[in-house]
Amino acid sequence: MYRRFSPPVSLLKSYTFPLDSQLINAKFLPKHRLPLIEHETPVEPFRSKLFPSGNIFIKRDDQLDSYASGNKLRKLEFLFADILSRPNCKHIITAGSLHSNHCKAVAVLASKYHKQTHILLRTDRTKDDEQILQGNVLLNYLLGAKLYLIPKKANIQRDIEPRVKLLEEQLGGRDKCYSIPIGGSDTTGIFGYIDCFIKEILPLIDEFNLGHLVLPMSSGGTMEGLALGNYFTGNRLRIHAFAVSDNKTYFKTHFKTILHQLELNHLTELVDNDQLVDICDSHVGLGYGRMTDEQIIFLRQVISETGIVFDPVYTGKCLWGLAEELRNRRMINDGKNVLVLHTGGLLGLMNPEYGQQWLKCNQSHSDPHIRDWMTLD
């Protein structure tokens, strides 16, 4: 059962859009923000033999919180401000993959602010599977979230949205429920990275001689927020978004839908002609949350050489794509420096489905790092 809880007014801070408010219709600007992020995330040089150019820096949004939620918190600062401003809201409904970092982040905050979370998780496992309660799923369970296992290939419109509607009806109607889309990627959550670009990334352009911003992309909200922040401040960076699921057509359609909802229809042409963002869907590989053995070996080498832990779902796959593009000279050849956004999601490494691949990676190594040494004989 949820506990009755009325958040103090002081929890919510008034939000002022940091640019000319005429850029976006005032009715779409968030009124409040829930301050979850206490500091700017650091920027570090990124050096690996797999990236010999040496002109790459990394912004550590993986360090935003102690639960390894990464970039999800930036969107949830605005989404939870909206939730907590609704006194009748008792339930939060969201969805994602089985080991979704977004869902975990929602569960953490919902528990903290005494809301009951309902999470639809895409999977081919069942509730009786002995491996179901691991990683983020275990955290969701411990945090009191109600978990609903749905088909792994569940379609948003056909399978997820009808379930959300049914849950809302069962829980007392929309007045008592707040539904957050997959990844928090809507016209409220998008302000997390519009704000981040203006306040944290824009000042870095001259300091680090940046010409390019690289990031992984799954639900689209982080890319859309950064692209709009960049556009509103003069389009000084070329943004390269590496899809870890779906394809270019899907993300362009999603972006144009967001622009339509924000009444920024004049920007849709810039999505079509790739001026707002360069979407690369050539390295999705085996699909969302899956890596080839070659990619796993690559990821381990990058982690061991840099001392920075990357997940195989988002930033790890993005780095693989970036390395391939640079190797084939298809991207970034103007001499400008590159900023890679590390979006976090480290608990994705704990997905048991990667176990065999990590072992194969060790066995293929010329000097294995795991050895049997049971006796002194």
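- Ion pairing between a basic and an acidic side chain is recognised when a charged N comes within 4.0 Å of a carboxylate O; Arg33 and Asp195 show such pairing.
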**Study point:** Candidate pair Leu237 and Ile201, rule side-chain contact (heavy atoms from CB on, under 4.5 Å), full reasoning
**Key:** CA-CA 10 Å; Leu237 292 181; Ile201 296 178; 4.1 Å; yes
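- Taking the ring centre of Tyr193 as origin, the terminal cationic atom of Arg74 falls inside the region bounded by 6.0 Å and 45° from the ring axis.
- Scanning both residues, Cys280 and His283, for their nearest heavy atoms gives SG-CD2, 3.7 Å.
- Contact detail for Pro216 and Val244: the closest heavy-atom pair is CB-CG1, 4.2 Å.
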Practice item. Take Leu213 and Asn230 through the side-chain contact (heavy atoms from CB on, under 4.5 Å) test and state the conclusion after the steps. Key: CA-CA 10 Å; Leu213 175 60; Asn230 185 43; over 6 Å; no
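- Taking CG of Asn337 as the start and CD1 of Ile205 as the end, the distance is 12.0 Å to the nearest 0.5 Å.
- Looking at heavy atoms from C-beta onward, Leu147 lies out of side-chain contact with Ile132 at the 4.5 angstrom threshold.
- With sequence neighbours left out, Lys152 forms a salt bridge (Lys or Arg N to Asp or Glu O under 4.0 Å) with no residue at all.
- Evaluation of the side-chain contact (heavy atoms from CB on, under 4.5 Å) rule for Asp206 yields Arg236 as partners, not counting sequence neighbours.
- Applying the salt bridge (Lys or Arg N to Asp or Glu O under 4.0 Å) rule to Lys27 yields the partners Glu263; only residues at least two apart in sequence or on another chain are considered.
- Glu269 CD: 12 or fewer foreign heavy atoms inside a 6.0 Å radius.
- Residue Ser245 comes nearest to Phe251 through the heavy atom pair O-CE1, 3.1 Å, listed as atom of the first residue, atom of the second, then distance.
- In terms of heavy atoms, Leu19 sits closest to Phe232 at CD1-CB, 3.6 Å.
- Legend: ring-ring contact (aromatic ring centres under 6.0 Å, His included) pairs involving residues 254-282, not counting sequence neighbours: none detected.
- Judged purely by distance below 3.5 Å, without hydrogens or angles, the side chains of Thr188 and Asp82 never pair a donor atom with an acceptor atom.
- Note on ring orientation: taking the six-membered ring where Trp is involved, the planes of Tyr288 and Tyr314 are perpendicular (angle over 60°, cut-offs 30° and 60°).
- Pairs passing the salt bridge (Lys or Arg N to Asp or Glu O under 4.0 Å) check and including a residue from residues 117-127, sequence neighbours excluded, read Arg125-Asp129, Arg125-Glu353.
- The OH atom of Tyr178 sits 5.5 Å away from atom CZ of Arg86, with the distance rounded to the nearest 0.5 Å.
- Residue Leu215 comes nearest to Cys318 through the heavy atom pair C-SG, 3.6 Å, listed as atom of the first residue, atom of the second, then distance.
- Here the CG-OG1 distance, from Leu120 to Thr94, works out to 8.5 Å after rounding to the nearest 0.5 Å.
- Phe310 and Phe46 have perpendicular rings, their planes meeting at more than 60° on a 0 to 90° scale where under 30° would count as parallel.
- With sequence neighbours excluded, no residue satisfies salt bridge (Lys or Arg N to Asp or Glu O under 4.0 Å) with Asp311.
- Under the rule for a salt bridge (Lys or Arg N to Asp or Glu O under 4.0 Å), Lys75 has no partner lying at least two apart in sequence or in another chain.
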For residues 157-168, which side-chain donor-acceptor pairs fall under 3.5 Å, sequence neighbours excluded?
{"from": "Asp159", "atom 1": "OD2", "to": "Asn155", "atom 2": "N", "distance (Å)": "2.6"}
{"from": "Arg163", "atom 1": "NH1", "to": "Asp159", "atom 2": "O", "distance (Å)": "2.9"}
{"from": "Glu168", "atom 1": "OE2", "to": "Ser179", "atom 2": "OG", "distance (Å)": "2.7"}

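- For the atom pair Phe298 CZ and Ile303 CD1, the distance stands at 10.0 Å (nearest 0.5 Å).
- For Thr253, the side-chain contact (heavy atoms from CB on, under 4.5 Å) partners at least two apart in sequence or on another chain are Thr249, Thr257.
- The side-chain contact (heavy atoms from CB on, under 4.5 Å) search around Asp175 returns Asn88, not counting sequence neighbours.
- Between Lys256 and Asp272, at least one side-chain nitrogen of the basic residue sits less than 4.0 Å from a carboxylate oxygen of the acidic one, meeting the salt-bridge criterion.
- Using a 4.5 Å heavy-atom cutoff, the side chains of Tyr113 and Ile83 are not in contact.
- Taken to the nearest 0.5 Å, the CD atom of Gln63 stands 9.5 Å off from the CG atom of Asp61.
- Judged purely by distance below 3.5 Å, without hydrogens or angles, the side chains of Ser85 and His32 never pair a donor atom with an acceptor atom.
- For the pair Leu286 and Met291, the minimum side-chain heavy-atom distance is 4.5 Å or more.
- For the pair Val284 and Asn247, the minimum side-chain heavy-atom distance is 4.5 Å or more.
- Evaluation of the side-chain contact (heavy atoms from CB on, under 4.5 Å) rule for Thr187 yields Ile258, Gln261, Leu262 as partners, not counting sequence neighbours.
- Rounding to the nearest 0.5 Å places OH of Tyr148 at 7.5 Å from CD1 of Ile93.
- Sorted by first and then second residue, the ring-ring contact (aromatic ring centres under 6.0 Å, His included) pairs involving residues 200-230 (not counting sequence neighbours) are Phe57-Phe208, His212-His240.
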